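See structure below.
On a predicted model such as this, the values are computed, not experimentally measured, just so you know.
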Amino acid sequence: MDETNSLIEQRKAKLAALRARGLDPFKNRFTPTGTCAEARKNYAEGREVAVAGRITAHRAMGKSMFIDVRDQSGRLQIYAQKNVLGDEPWNVFAHLDLGDFIGARGKLFTTKTGEISIKLESFVILAKALRPPPEKWHGLADTEIRYRRRYLDLMANPDVKEIFLRRSEIIREIRNFLHARGYVEVETPMMQAIPGGAAAQPFKTHHNALGCDFYLRIALELYLKRLLVGGVDKVFEIGRNFRNEGLSRKHNPEFTMLEAYQAYGDYESMMELVEEMICHVAQKVCGGLKIEKGSARVPRAESGVASDSGFRRDAENSTPEACAPQIIDLTSPWRRAKYKDLVREKAGADWFEVSPAERRQRAHDLGAEIAKDYEDFEVTGAVFEKLIEPTLIQSTFVTHLPKELVPLAKLSPDDPTTVEVFECCINGQEIAPGYTEQNDPIEQRERLEHQAGGEQQKLDEDFLVALEHGMPPAGGIGIGIDRLCMMLLGQESIRDVILFPQLKPKS
RNA sequence: GGGUUGGUAGCUCAGUCGGUAGAGCAGCGGCCUUUUAAGCCGUUGGUCCCGGGUUCGAGUCCCGGCCAACCCA
């Protein structure tokens with residue numbers, strides 16, 4: 001980013017000119033009387049205010065000038081007049097650039113066209129911008145720049161900023177919800193000698209002083225369960241997981257996960273928790289339980305109307321969802337359906353009665369991709385993932401998954417080939433799994449050893465020792481926060497809810 | 001990993017059949033004291049992603065590479 005151009009050179013020259021006049025263009029401090037929004041909200045004709053922010057527009061009128069100043073709260077118009085400021089300050093003011101930060105003092109008034117504004121009496125330059133901002137009307141459209149230099153995206157596209165402010169609210173409301181129910185928030189290690197709690201490829205790193213390798217965590221689970229053993233009965237963590245796998249619209253190598261565990265709970269109590277929590281968050285952040293699907297708007301400058309800039313997402317791109325309802329209705333109660341019933345519905349009532357070979361053939365005929373080395377349960381799993389999950393737009397708890405899929409959950413007493421688990425699917429994606437957690441240390445060891453099977457992953461022996469000390473029966477959930485945000489904020493790509501999504505470094 | 005699309009001024013984008021590189025915004029200069037995508041006049045600004053090739057001549061055609069988005073695996 002060390003390219004220069006004439007615009008940067010001009011701004012550097014202006015900076016030097018300001019310094020030559022004895023002005024410091026990078027002030028340490030300026031104390032506004034309030035935000036731009038507050039100034040507008042507490043309007044009184046002639047009231048003296050001071051605001052600070054970035055100049056985002058200017059309209060010069062000869063011996064007077066309007067500029068827009070923006071802070072996080074919004075925009076405020078400032079009206080400057082040469083005869084009020086005086087020749088020298090006016091000259092400085094007139095040569096301010098878009099992107100500069102200023103502090104402005106003056107009295108509130110309303111213009112002819114009815115806009116609340118400040119009649120400028122004095123100003124200071126708080127920070128000179130040496131690079132020009134993106135174009136004011138179209139905003140910033142280049143996806144690569146938007147993701148690599150998100151500050152420009154936030155600066156130029158108010159819709160984008162709004163999404164991230166709301167993501168912050170979502171996480172705050174999740175915390176409020178869990179704290180109100182007596183859950184304790186904790187932090188557990190991100191660097192783990194044995195990455196456990198999920199089946200995923202980890203990132204590896206090395207600790208010099210200890211002289212050993214660590215892995216970045218792929219899940220929070222095993223440490224939170226140690227806390228159940230230790231007597232923290234209601235516990236949660238919101239934190240980053242890392243998985244060394246492919247990137248896509250739905251996957252970022254680092255992503256944010258909520259896991260919560262409740263002693264003496266089970267998968268049913270956790271379903272209630274998930275349903276109540278997501279409804280609570282939707283009410284607080286989205287103002288209701290009906291979420292417009294794919295309401296993602298093309299980022300553009302604030303007052304923009306529809307433009308046909310090239311990166312609007314085509315309806316036909318969102319394959320199975322395209323013909324689905326456009327409103328996600330989170331109103332309780334949510335549908336609950338057994339995994340096997342959903343599979344039978346889609347793949348034939350006798351699906352679980354026919355031979356594994358025939359299942360494989362049928363799965364293939366249905367259009368699922370079946371690798372040669374898939375075990376029988378994986379064949380069914382592929383059918384579920386490919387043909388069923390994408391159709392679950394409205395919130396659905398899929399329960400009673402085959403035990404092979406979930407080694408950390410307890411068997412269902414009424415069907416021991418399945419486990420007491422749910423996958424909460426919304427918007428065609430798995431958003432939140434939950435289990436009745438396995439607390440039998442001997443059973444747990446067998447299941448983990450069986451799962452490790454092929455690649456012989458190391459077992460987390462300390463976790464098993466902890467279970468041997470006794471873990472209370474418990475329910476647990478995990479919620480992919482990024483995907484929850486996608487659903488609640490109408491975004492089609494995980495990169496649009498992660499501030500700095502992973503991209504390949506550019507030379 | 002495979003396919004599709006894209007990469008041109010600071011930004012948003014045009015660029016016809018291969019024939020001197022274009023617009024709007026931003027910038028600079030001029031006019032303008034209630035504008036709001038202010039307006040009017042003038043004007044600066046280019047490694048056409050990178051590297052090869054074809055050609056008298058390549059932003060454009062061919063080959064290779066880089067980056068991104070989307071789709072598929």
Side-chain angles (χ1 to χ4, degrees), chain A residues 1 3-14 17 55-70 75-85 90 93-100 109-120 129-149 152-153 155-157 245-251 298-305 307-322 367-371 382 385-386 390 492-496 501-507:
Chain A
M1 290 304 157
E3 93 284 357
T4 55
N5 60 56
S6 59
L7 297 179
I8 295 175
E9 292 310 316
Q10 277 172 7
R11 284 172 180 244
K12 284 183 176 166
K14 285 185 179 182
I55 300 174
T56 58
H58 61 169
R59 295 171 288 282
M61 313 278 306
K63 295 183 182 61
S64 73
M65 186 170 178
F66 291 92
I67 65 165
D68 291 346
V69 163
R70 182 183 292 279
R75 187 191 74 102
L76 189 63
Q77 180 171 262
I78 288 170
Y79 181 51
Q81 293 161 291
K82 185 174 183 180
N83 62 350
V84 174
L85 287 182
W90 168 258
F93 189 86
H95 286 88
L96 290 171
D97 284 312
L98 295 184
D100 292 352
F109 78 110
T110 305
T111 64
K112 258 206 262 190
T113 53
E115 176 161 355
I116 291 173
S117 309
I118 293 180
K119 197 164 279 185
L120 188 67
L130 295 180
R131 289 168 184 266
E135 202 244 11
K136 63 180 175 183
W137 181 244
H138 298 92
L140 181 66
D142 184 315
T143 48
E144 194 171 347
I145 302 178
R146 289 184 49 229
Y147 294 152
R148 283 191 200 280
R149 306 169 74 185
L152 293 176
D153 193 24
M155 199 187 292
N157 299 319
E245 292 163 2
L247 290 75
S248 79
R249 206 166 59 81
K250 297 178 181 179
H251 298 87
V298 176
R300 71 174 67 89
E302 184 174 47
S303 47
V305 276
S307 78
D308 52 0
S309 66
F311 79 117
R312 182 191 301 280
R313 294 168 180 91
D314 295 331
E316 59 264 21
N317 281 351
S318 47
T319 39
E321 297 99 311
E369 300 287 335
I370 308 298
E385 255 182 55
K386 177 82 181 181
E492 302 284 333
S493 169
I494 197 167
R495 296 183 194 97
D496 292 324
Q502 201 61 244
L503 295 183
K504 195 161 177 172
K506 218 172 175 183
S507 59

So, is A/Lys136 near the phosphate of B/rA26, with a side-chain N or O under 4.0 Å from OP1 or OP2? yes
Any side-chain N or O of A/Lys504 below 4.0 angstrom from OP1/OP2 of B/rA69? no
From the candidates B/rA38, B/rC67, B/rG10, the one with an atom nearest any side-chain atom of A/Arg59 is B/rA38
Q | Under-3.5 Å donor-acceptor pair between A/Asn83 side chain and B/rU33 base | A | yes
Q) Hey, does A/Leu152 reach any base, or is it just sugar-phosphate, or nothing, if we go heavy atoms under 4.0 Å? A) nothing
From the candidates B/rG24, B/rC67, B/rA73, the one with an atom nearest any side-chain atom of A/Glu135 is B/rG24
Could you work out the separation of B/rA26 and B/rC11 based on their P atoms and round it to a whole Å?
15 Å
Please produce a list of atom pairs where a protein N or O lies less than 3.5 Å from an N or O of nucleotides 28-32 of chain B.
{"unit_1": "B/rC28", "atom_1": "OP1", "unit_2": "A/Lys14", "atom_2": "NZ", "d": "2.4"}
{"unit_1": "B/rC32", "atom_1": "N3", "unit_2": "A/Gly62", "atom_2": "N", "d": "3.0"}
{"unit_1": "B/rC32", "atom_1": "N4", "unit_2": "A/Gly62", "atom_2": "N", "d": "3.3"}

* Asked: Contact class for A/Arg11 (heavy atom, under 4.0 Å): base, sugar-phosphate, or nothing?
  -> nothing
Under a 3.5 Å limit on both distances, the Watson-Crick or wobble mate of B/rU4 is B/rA69
Notebook entry, point to check: When only distance counts, do a donor and an acceptor, one from the side chain of A/Gln77 and one from the base of B/rU35, lie under 3.5 Å apart?
Noted result: yes
Hits for salt bridge (Lys or Arg N to Asp or Glu O under 4.0 Å) against A/Lys14, two or more places apart or cross-chain, chain-then-number order -> A/Asp97
A/Glu385 meets the side-chain contact (heavy atoms from CB on, under 4.5 Å) criterion, sequence neighbours left out, with A/Glu389
So, is A/Arg249 close to the B/rA69 phosphate, meaning a side-chain N or O under 4.0 Å from OP1 or OP2? no
Of the listed B/rA68, B/rU34, B/rG24, the closest approach to the A/Phe66 side chain comes from B/rU34
Q: Would you kindly check whether a donor in the side chain of A/Thr111 faces an acceptor in the base of B/rU35, or vice versa, at under 3.5 angstrom?
A: yes
Q: Considering only NZ, NE, NH1 and NH2 on the basic side and carboxylate oxygens on the acidic side, decide whether A/Arg149 and A/Asp142 come within less than 4.0 Å.
A: no
